[in-house]
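Have a look at the structure below, then the notes.
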Amino acid sequence: MTDVSGHEADHASDTASHGHVPVDPNDAVVRARPPTPLALILTTVAAALTVLALVAVAVASGQGT
């Protein structure tokens, strides 16, 4: 028996004697969901406004010279 399997056997015997149920590590994982159409629209609008603001700043700084 390797150290790993011995370690697992110790845990298995602890489970039987203490009633401990092992926790699934995947229980705490947040599942990804696709974005809603509203989120996509808001993201598109925010990106367009950002581009417009950057262009406005570039034009304004170019006219100052």
Side-chain angles (χ1 to χ4, degrees):
M1 187 180 321
T2 66
D3 288 340
V4 173
S5 59
H7 182 79
E8 292 299 321
D10 288 341
H11 280 291
S13 66
D14 285 345
T15 301
S17 62
H18 300 295
H20 173 72
V21 177
V23 176
D24 183 5
N26 291 325
D27 285 346
V29 174
V30 176
R31 304 287 181 217
R33 293 182 309 231
T36 62
L38 178 61
L40 292 175
I41 291 169
L42 289 176
T43 303
T44 303
V45 169
L49 290 176
T50 302
V51 170
L52 287 174
L54 290 173
V55 168
V57 168
V59 168
S61 66
Q63 290 178 353
T65 56

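Residues: numbered from 1 along the sequence shown.
- With values rounded to the nearest 0.5 angstrom, T36 atom OG1 is found 8.0 Å from L42 atom CG.
- Side-chain contact between L54 and T50 is present, with at least one heavy-atom pair separated by less than 4.5 Å.
- The same ILVMFWY cluster, assembled from side-chain heavy atoms under 4.5 Å apart, contains both V51 and V59.
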